[in-house]
Amino acid sequence: MLYTVIKKNLYQDSVSLMLLTNHLSAVDGVNQVQVMMGTPANKDIFKSSGLYTEELEGANPTDLCIVVDTDDESVVENVVEETDSYLNSQSEASQQSTIPVVRTWEMADKKLSTADVALISIAGEHATAEANKALDRGLNVFMFSDNVPVEDELQLKTRAQDEGLIVMGPDCGTGILDGVPMAFANVVEKGNIGIVGASGTGIQEVSTIIGRNGSGVSQAIGTGGRDLSSEIGAITTIRGLQVLDEDPETDVITYISKPPAPEVREKVVDVFKTLSKPVVAVFMGDKPREAHDNVHYTWTLEDTARKALELASANKTGSYHFAEDEDLQKIKENSQQRYIKGYFCGGTLANEAAMIIEDALELDASHEHPEGMMLQYESHEVIDLGDDAYTQGRAHPMIDPTLRVEKMEEAAADSETAVILLDNVIGYGAHEDMAGVFAPVVEKAKEQAASEGKTFVAIASVTGTADDPQVFQDQVDKLEAAGVIVAESNAQATQLAVDIVDYLNGEKTEADNGDNEVSEDDKVAALISSKPRVINVGLKNFAEAIKEHGGEVVQYQWAPIAGGNKRLAKILEKLK
């Protein structure tokens with residue numbers, strides 16, 4: 001039976017509520033539970049998940065709504081107590097923080113009058129308005145928020161370009177500004193390799209390989225995944241490339257692209273030719289071209305990092321070899337087990353894996369990727385579980401492992417699965433111990449498979465560094481202790497999966513891995529010349545990471561104006 005509790009005027013950010021929902025799901029007697037704000041969009045999610053009740057009809061966007069499916073009404077009281085305890089602990093942690101908290105832009109201006117960037121991580125339907133307010137104040141914008149209309153993105157980026165500013169995003173997952181991590185980022189030493197990237201996890205993969213091989217990153221400028229679309233035309237990409245070309249601390253420029261519109265790719269290549277510094281570029285999904293004009297093209301993210309290291313005089317090469325073992329022999333005896341199942345939290349890592357598998361196994365797979373399905377051919381599949389289709393009403397898989405765990409368990413039980421491929425992206429903003437979640441899942445799945453006289457191979461890569469909160473080697477050790485093969489990079493992990501399938505098919509015995517000028521007073525150039533001074537609009541943990549690494553930050557305790565009434569909010573905005 002469904003029970004509803006509505007707490008009036010208790011606004012909480014969506015990620016906190018998703019984590020709270022996960023917490024409440026473990027309460028004894030709870031069949032299903034959902035905690036969200038009472039917005040129209042969230043009410044639709046309640047309906048689609050079978051948790052809608054009539055009481056929700058009267059809820060406002062600033063009301064916290066709890067719906068519990070339970071067979072025991074007394075369980076609801078336990079859920080409410082757990083909710084209050086969770087929110088109180090969040091409040092106490094916030095009060096103990098030394099980061100200043102404000103509730104208006106005007107207060108933020110007074111607290112941090114030297115601010116030069118706004119980090120926005122609120123719901124996409126509100127993000128454009130707040131980004132325009134930041135631009136009103138002469139601030140650059142780092143927009144983590146997704147689900148922002150493409151016409152809004154174009155408006156924001158065009159305006160920023162006209163005003164000597166930059167908009168990184170929307171859906172910009174990662175950045176590093178003068179050594180300060182922005183959003184989902186890793187602890188990487190300062191160095192002489194600059195990165196411009198349309199992919200958050202792509203930037204993380206490249207920067208952490210660079211960091212683990214003795215070099216570092218000067219800046220990492222995220223663009224958002226749609227920047228290379230024909231609608232946007234690479235506005236932020238071009239801006240970022242030109243700024244890094246002028247940056248005295250950057251000697252090598254690395255460019256990471258999601259699949260671009262063909263005409264936009266050529267536009268970006270033309271910009272490469274104008275730069276004074278060597279460029280290493282990867283256009284995901286495209287075979288690399290011949291080098292020209294000091295521009296070097298690569299095939300995988302690892303190739304990109306290593307070429308950048310080579311050009312920066314810090315290259316350390318390595319290889320990975322996989323010898324035959326009892327598990328492979330057991331799998332080979334079962335002629336059905338010949339397929340790779342990949343479940344990713346990083347969209348570009350999923351894209352890279354799909355690209356390598358498709359090319360190596362010569363699969364004539366569709367290049368359409370509906371709902372994050374990067375590869376679906378016979379029983380091979382690679383899914384980006386961070387796609388919008390999977391994050392409606394639930395946290396990103398970098399934070400919430402629930403869906404990936406379910407997919408992995410299903411794949412382990414599938415009689416055709418030979419290899420399960422996973423990424424593990426650590427760093428600020430990510431799950432505190434993803435390896436700790438997956439290690440027991442892998443162990444249990446292997447035990448179940450063994451009881452049925454079969455097995456499978458689990459392969460993973462860890463994108464991160466020793467200085468990340470989760471600690472790179474700790475994550476590797478936990479996975480390896482559970483029987484997971486941990487490769488040096490996503491590319492190596494995928495290539496190993498391919499080589500295993502080739503071996504099972506009798507083809508191999510061993511896997512070998514082997515347009516706008518930047519003016520002198522440009523506020524974008526100023527942004528990367530010193531530690532960022534940030535107004536953080538949204539997720540609080542992003543602010544903590546910024547402060548820890550020397551940036552100045554004010555936490556804007558944002559809540560929708562006019563109680564979330566969009567019509568009234570527009571009227572109030574016009575009256576200001």
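When reading the values below, keep in mind they use all heavy atoms of this one structure, side chains included, and skip hydrogens, waters and symmetry mates.
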Between [X] and [Y]: side-chain donor-acceptor atoms closer than 3.5 Å:
{"X": "Gln329", "Y": "Glu333", "value": "no"}
{"X": "Asp13", "Y": "Ser16", "value": "yes"}
{"X": "Asp388", "Y": "Gln392", "value": "no"}
{"X": "Ser366", "Y": "Glu368", "value": "no"}
{"X": "Glu249", "Y": "Ser218", "value": "no"}
{"X": "Tyr390", "Y": "His396", "value": "no"}
{"X": "Asn22", "Y": "Asp400", "value": "yes"}
{"X": "Tyr339", "Y": "Glu381", "value": "no"}
{"X": "Thr304", "Y": "Thr298", "value": "yes"}

Is the shortest heavy-atom distance from the side chain of [X] to the side chain of [Y] under 4.5 Å?
{"X": "Gln475", "Y": "Asp433", "answer": "yes"}
{"X": "Lys287", "Y": "Asp359", "answer": "yes"}
{"X": "Leu311", "Y": "Leu309", "answer": "no"}
{"X": "Val252", "Y": "Asn192", "answer": "no"}

### Task
With side chain to side chain contact (heavy atoms under 4.5 Å, CB included) as the test, would you mind laying out the steps for Thr494 and Glu352 before giving the verdict?
CA-CA 9 Å; Thr494 309; Glu352 178 180 61; 5.8 Å; no

Check whether any side-chain N or O of [X] sits under 3.5 Å from a backbone N or O of [Y] as a donor-acceptor pair, and report yes or no.
{"X": "Gln34", "Y": "Thr21", "value": "no"}
{"X": "Gln219", "Y": "Leu244", "value": "no"}
{"X": "Lys277", "Y": "Asp247", "value": "yes"}
{"X": "Arg404", "Y": "Pro397", "value": "no"}
{"X": "Lys157", "Y": "Gly169", "value": "yes"}
{"X": "Lys446", "Y": "Phe456", "value": "yes"}
{"X": "Ser215", "Y": "Gly211", "value": "no"}
{"X": "Gln337", "Y": "Thr417", "value": "yes"}
{"X": "Lys267", "Y": "Gly233", "value": "yes"}
{"X": "Ser145", "Y": "Ile122", "value": "yes"}

Quick one: list whatever passes side-chain contact (heavy atoms from CB on, under 4.5 Å) with [X], sequence neighbours left out.
{"X": "Pro440", "result": "none"}
{"X": "Ala291", "result": "His296"}
{"X": "Val471", "result": "Asp474"}
{"X": "Ser461", "result": "Asp423, Asn490, Ala493"}

Measure across [X] and [Y] and return the closest heavy-atom pair with its distance rounded to 0.1 Å.
{"X": "Met374", "Y": "Ala354", "result": "O-CB, 3.6 Å"}
{"X": "Ala353", "Y": "Val382", "result": "CB-CG1, 4.4 Å"}
{"X": "Leu20", "Y": "Val35", "result": "CD2-CG1, 4.0 Å"}
{"X": "Arg338", "Y": "Val501", "result": "O-CG1, 3.5 Å"}
{"X": "Asp251", "Y": "Pro278", "result": "O-CD, 3.4 Å"}
{"X": "Met355", "Y": "Trp299", "result": "CE-O, 3.0 Å"}

Can you tell me how far [atom2] of [Y] sits from [atom1] of [X], rounded to the nearest 0.5 angstrom?
{"X": "Ile459", "Y": "Leu421", "atom1": "CD1", "atom2": "CG", "value": "6.5 Å"}
{"X": "Ile210", "Y": "Ile193", "atom1": "CD1", "atom2": "CD1", "value": "4.0 Å"}
{"X": "Glu205", "Y": "Thr463", "atom1": "CD", "atom2": "OG1", "value": "3.5 Å"}
{"X": "Ser415", "Y": "Lys454", "atom1": "OG", "atom2": "NZ", "value": "6.0 Å"}

### Message
Evaluate Asn424 against Gln470 for side chain to side chain donor-acceptor pair (under 3.5 Å), listing each step before the verdict.
### Response
CA-CA 11 Å; Asn424 181 6; Gln470 302 89 340; over 6 Å; no

### Message
Out of the candidates Ile232, Asp227, Ile221, only one should pair with Thr237 under the side-chain contact (heavy atoms from CB on, under 4.5 Å) rule; please name it.
### Response
Asp227

### Task
Start with the C-alpha gap between Val269 and Val295, add the side-chain angles, then the distance that decides, and say whether side chain to side chain contact (heavy atoms under 4.5 Å, CB included) holds.
CA-CA 9 Å; Val269 169; Val295 181; over 6 Å; no

### Task
Quick one: list whatever passes side chain to side chain donor-acceptor pair (under 3.5 Å) with Tyr428, sequence neighbours left out.
Glu548, His549

Side-chain donor-acceptor pairs of residues 171-189 under 3.5 Å, sequence neighbours excluded:
| from | atom 1 | to | atom 2 | distance (Å) |
| --- | --- | --- | --- | --- |
| Thr174 | OG1 | Phe184 | O | 2.5 |
| Thr174 | OG1 | Gly200 | O | 3.2 |
| Asp178 | OD1 | Lys190 | NZ | 2.7 |
| Asp178 | OD2 | Lys531 | N | 3.1 |
| Asn186 | OD1 | Gln204 | NE2 | 2.9 |
| Asn186 | ND2 | Ile426 | O | 2.7 |
| Asn186 | ND2 | Asp468 | OD2 | 2.9 |

#### Entry: Candidate pair Met408 and Val442, rule side chain to side chain contact (heavy atoms under 4.5 Å, CB included), full reasoning
CA-CA 8 Å; Met408 208 219 83; Val442 173; 3.8 Å; yes

### Task
Fit a plane to each ring of Phe272 and Tyr255, take the angle between them on a 0 to 90° scale, and name the class: parallel (under 30°), tilted (30 to 60°) or perpendicular (over 60°).
perpendicular

### Query
Stepwise, does the side chain to side chain donor-acceptor pair (under 3.5 Å) test hold for Thr348 with Asn351?
CA-CA 5 Å; Thr348 295; Asn351 190 16; 5.9 Å; no

### Query
Do Glu302 and Arg212 pass the salt bridge (charged side-chain N to carboxylate O under 4.0 Å, His left out) test, and can you show the C-alpha distance, the side-chain angles, and the key distance before you say yes or no?
CA-CA 12 Å; Glu302 182 185 13; Arg212 293 201 302 269; over 6 Å; no

### Message
Is it true that, when you exclude Glu371 itself, more than 12 heavy atoms of the residues, nucleotides or ligands shown sit nearer than 6.0 Å to its CD?
### Response
no

### Query
Is the number of heavy atoms from other residues, nucleotides or ligands under 6.0 Å of Glu432 CD greater than 12?
no

### Query
Can a salt bridge be assigned to the pair Glu406 and Arg394 using a cut-off of 4.0 Å between side-chain N and carboxylate O?
no

### Task
For Leu361 and Val498, run side chain to side chain contact (heavy atoms under 4.5 Å, CB included): C-alpha distance rounded to whole Å, both residues' side-chain angles, the deciding distance at 0.1 Å, then the answer.
CA-CA 7 Å; Leu361 298 181; Val498 165; 3.9 Å; yes

